[in-house]
Participant: 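Please find one structure pasted underneath; my questions will follow.
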Amino acid sequence: MPGEQDGEVSKMNILELQNINKFFGQGANRVHVLKGINLTVEKGDFVAIIGQSGSGKSTLMNIIGCLDTPTSGSYRINGIEAGKMDRDQLAELRSRTFGFIFQRYNLLTSLNARENAALPAIYLGMGAEERTQRAVELLKRLELGNKLRNKPNELSGGQQQRVSIARALMNGGEIILADEPTGALDSKSGEMVMEIIKGLHKQGHTIILVTHDSKIAAQASRIIEIKDGEIVSDERKTSDFYKIEEEVRKFKRSKLETFKYRFAESFSMSIHAILANKMRSLLTMLGIIIGIASVVSVVALGNASQAKIMEQINSMGTNTIDIMPGSGFGDMRSGKVKTLKVSDSDYLSKQGFIDNSTPSVSGSGTLVYGNTSSTAQLKGVGASFFDVKGHKIALGRIFTQDEVNNIASVVVIDHNTKKEVFADNPNPIGEIVIFNKKPLKIIGVTEEENNPGPRADAMNLWVPYTTAMYKINGSTDINTITVKISDKVNSQVAETSIENILTSLHGKKDFFMINSDSIKQTVESATNTMKFLIASIAVISLIVGGIGVMNIMLVSVTERTREIGIRMAIGAKQADILQQFLIEAILICLVGGFMGVALSLLIGFGFNTFSEEFGMIFSTASIVLALVCSTGIGIVFGYMPAKNASNLNPIDALASE
Ligand SMILES: Nc1ncnc2c1ncn2[C@@H]1O[C@H](COP(=O)(O)OP(=O)(O)OP(=O)(O)O)[C@@H](O)[C@H]1O
Ligand SMILES: [Mg+2]
């Protein structure tokens with residue numbers, strides 16, 4: 001209803017400034033820029049503030065728009081004291097109540113006209129479709145319907161200023177604050193902008209316009225002149241107040257939806273920022289890539305070597321304890337001490353915690369078959385020996401307890417013996433060989449050893465220990481008792497029990513024990529220590545990578561300080577800014593993390609193809625941990641720069657070049 005006056009509305013003071021003072025600088029440089037300003041602005045008014053350069057117009061305008069704070073005095077908006085509001089409430093005001101039009105437009109250069117105009121609605125929590133539609137509508141009204149997709153550098157000054165007017169109106173713009181809106185424009189574009197502003201006044205927007213041009217000021221309803229920070233004249237020309245018809249400022253969304261749209265915006269801004277500096281982002285990621293790749297690869301290599309060592313240890317037999325005569329390997333009399341007896345083994349095998357126990361005697365001698373003769377190791381063992389030591393049978397069978405009891409002349413030969421002696425005979429079962437002049441019948445052949453020890457090509461023969469004692473060696477001395485401990489029993493406990501049992505049987509401790517389980521534990525803990533050590537070194541490279549990320553984020557914040565200022569001026573809260581930079585840091589680290597994992601998988605693939613000895617073993621846990629780590633690095637090292645950015649004062653951020 002243009003021209004329709006509304007007496008009710010005109011009485012409402014929308015802005016009230018009382019004794020506002022503003023100082024800049026410290027100590028000797030301290031200047032008093034605003035000196036006790038008293039000013040009230042009514043709803044629907046059109047106020048021009050005029051004055052010479054340096055008189056304090058912009059300073060006053062920034063305080064009115066809550067971009068800056070006064071040093072002293074009271075400032076009320078709709079009756080609410082601005083000094084008592086927190087930063088989020090001020091952001092809310094800038095978002096919903098004020099619409100800024102700057103002399104230098106202050107559009108975001110990376111966004112096109114439509115996106116720039118739509119920007120404030122993001123901080124209102126409006127969905128993409130809805131806000132684009134509204135932005136297009138506003139731009140069309142401002143005769144920019146054909147420039148929707150142009151970036152600021154593809155627009156003339158006048159067109160850019162109209163985009164910024166559309167942006168000011170996006171969230172309603174109840175109070176339009178225009179600081180020299182025509183200052184950078186030629187007279188024709190300037191006139192067009194002034195026509196638009198006058199039109200807005202007629203639609204009910206409260207307008208505060210700063211200018212040093214008295215011809216422009218003359219178009220307002222009220223002219224306030226300031227000089228050296230003081231109001232020197234305040235003159236009303238017309239009193240046309242209009243009622244606002246805008247609906248947008250009533251726009252409300254649920255908290256969750258608002259968060260969703262804001263988060264989506266922060267996310268897409270971060271991607272924008274990363275892609276805008278591809279090379280720089282990649283170089284920053286490189287630190288993370290190398291860090292993650294080295295951690296994951298080192299852990300995989302560690303796993304592989306540990307698995308290899310454990311495999312070798314496991315081939316010694318699982319959970320066995322070897323009991324030997326003497327006081328240790330270093331015992332000089334070891335060969336001569338004969339303290340273990342078959343009865344000891346029998347006694348032990350009756351214990352509940354022992355699965356079985358087998359004595360063994362050993363010796364070397366000459367093995368003769370046909371006209372071949374060779375040196376071989378002979379071991380007299382019990383029937384359970386093969387099971388205990390994990391030797392598997394390839395051909396025939398192992399000997400039975402009956403054969404042990406009956407001192408049978410049977411022998412199990414190993415793969416080496418079969419290869420040497422029976423090169424042409426695929427099945428030597430049933431053949432008779434002569435060992436130390438005693439005939440033995442072959443009943444079984446063991447499988448080739450996966451992990452032959454130091455004597456890989458030695459020929460091994462196994463006979464019942466009774467046969468070895470009574471038929472071959474002619475003595476009942478035994479070298480070792482090998483005990484297999486029940487799976488349910490702790491091997492340390494078993495070791496102590498055996499020690500107690502044998503010590504009480506013998507009256508003293510005249511034997512020593514080798515526990516395969518303790519060897520396993522020792523090796524495991526040694527390799528774990530090694531793995532931890534190398535991984536810590538790799539972690540250092542991760543930290544270095546993280547510092548790189550922090551560095552680049554600090555640069556990014558510095559570069560985009562002005563953008564931060566603009567976003568804050570149109571309603572971004574601290575959390576929005578924090579979120580945007582934090583997401584950016586996390587994204588860089590996470591993408592770097594994924595690339596690092598991919599790189600190490602690639603290294604692993606190459607390694608496993610060329611190395612037959614052993615392959616890298618990747619664990620899902622280490623990969624997940626690596627990705628969690630890289631996200632963590634993003635958060636830890638990105639937080640400080642992001643926090644810095646969000647703590648910026650809107651006016652300081654805006655003033656930066
Ligand atoms: N951040 C600041 N630190 C120190 N002094 C400042 C700062 N901002 C403004 N001033 C000083 O305050 C005074 C008023 O500045 P302001 O920008 O408000 O002037 P103005 O009236 O808008 O001038 P113009 O018409 O040139 O834009 C100037 O003397 C200026 O030097
Ligand atoms: Mg100024």
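Source: prediction; values computed, not measured. Whatever order the structure lists them in is the order used to number ligands and atoms, beginning at 1.
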Participant: Look at the N, O or S atoms of Ser58, main chain and side chain alike, and state whether any lies under 2.8 Å from the Mg ion (ligand 2).
Facilitator: yes
Participant: Residue-level breakdown please: for Thr59 versus ligand 1, do any non-hydrogen atoms fall below 4.0 Å on the side chain, on the backbone, on both, or on neither?
Facilitator: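 The answer is both.
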Participant: Going by the atom numbers of ligand 1, which of them fall below 4.0 Å from some non-hydrogen atom of Ser58?
Facilitator: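 Near Ser58, meaning under 4.0 Å from one of its heavy atoms, ligand 1 has 17 (O), 18 (O), 20 (P), 22 (O), 27 (O).
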Participant: Going by a strict under-4.0 Å cutoff (protein heavy atoms only), does atom 16 (P) of ligand 1 have a neighbour on the protein?
Facilitator: yes
Participant: Look at ligand 1 and say whether Gly54 reaches it with a heavy atom at a distance under 4.0 Å.
Facilitator: yes
Participant: Do you know which two heavy atoms are closest between Gly51 and His212, and how far apart they sit?
Facilitator: O-CB, 3.5 Å
Participant: Quick one: look up the protein heavy atom nearest atom 6 (C) of ligand 1 and list residue, atom name and how far away it is.
Facilitator: Phe24 CD1, 3.3 Å
Participant: Within the structure, is a non-hydrogen atom of Gln103 found at a distance of less than 4.0 Å from ligand 1?
Facilitator: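 Contact absent.
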Participant: Can you name the closest pair of heavy atoms from Ile292 and Ala626 and give their distance?
Facilitator: CD1-O, 3.2 Å
Participant: May I ask you to identify the nearest protein heavy atom to atom 26 (O) of ligand 1, giving residue, atom name and distance to one decimal place in Å?
Facilitator: Ser53 OG, 2.6 Å
Participant: Indicate whether any N or O donor in one side chain lies under 3.5 Å from an N or O acceptor in the other, for Glu174 and Thr97.
Facilitator: no
Participant: May I ask you to identify the nearest protein heavy atom to atom 25 (O) of ligand 1, giving residue, atom name and distance to one decimal place in Å?
Facilitator: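 Looking only at protein heavy atoms, the one closest to atom 25 (O) of ligand 1 is Lys57 NZ, 2.8 Å.
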Participant: Using distance alone, with no hydrogens and no angle criterion, decide if Glu81 and Ser74 have a side-chain donor and acceptor under 3.5 Å apart.
Facilitator: yes
Participant: Are Asp88 and Lys573 ion-paired here, with the side-chain N under 4.0 Å from a carboxylate O?
Facilitator: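 Between Lys573 and Asp88 there is no salt bridge, as every charged N stays at least 4.0 Å from the carboxylate O atoms.
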Participant: Can you tell which of Thr211, Thr182, Leu185 makes a side-chain contact (heavy atoms from CB on, under 4.5 Å) with Met194?
Facilitator: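 Only one of Thr211, Thr182, Leu185 forms a side-chain contact (heavy atoms from CB on, under 4.5 Å) with Met194, namely Thr182.
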Participant: Among all the protein's heavy atoms, is there at least one whose distance to atom 30 (C) of ligand 1 comes out below 4.0 Å?
Facilitator: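 No.
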Participant: Counting from 1, what ligand 1 atoms have a heavy atom of Gln52 closer than 4.0 Å?
Facilitator: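 So the answer, numbered in order with elements, is 21 (O).
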Participant: Please step through salt bridge (charged side-chain N to carboxylate O under 4.0 Å, His left out) for the pair Arg236 and Glu42, ending with a clear verdict.
Facilitator: CA-CA 12 Å; Arg236 176 165 298 285; Glu42 289 152 276; 3.7 Å; yes
Participant: Looking at atom 12 (O) of ligand 1, what's its closest protein heavy atom, distance included?
Facilitator: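 Going atom by atom, the protein heavy atom closest to atom 12 (O) of ligand 1 ends up being Val33 CG2, 3.2 Å.
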Participant: Quick one: does Ser55 get within less than 4.0 Å of ligand 1, heavy atoms only?
Facilitator: yes
Participant: Check the side chains of Thr71 and Asn21 for a donor-acceptor pair under 3.5 angstrom, ignoring hydrogens and angles.
Facilitator: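 No, no side-chain donor-acceptor pair sits under 3.5 Å.
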Participant: Less than 6.0 angstrom separating the ring centers of Phe263 and Tyr261, yes or no?
Facilitator: no
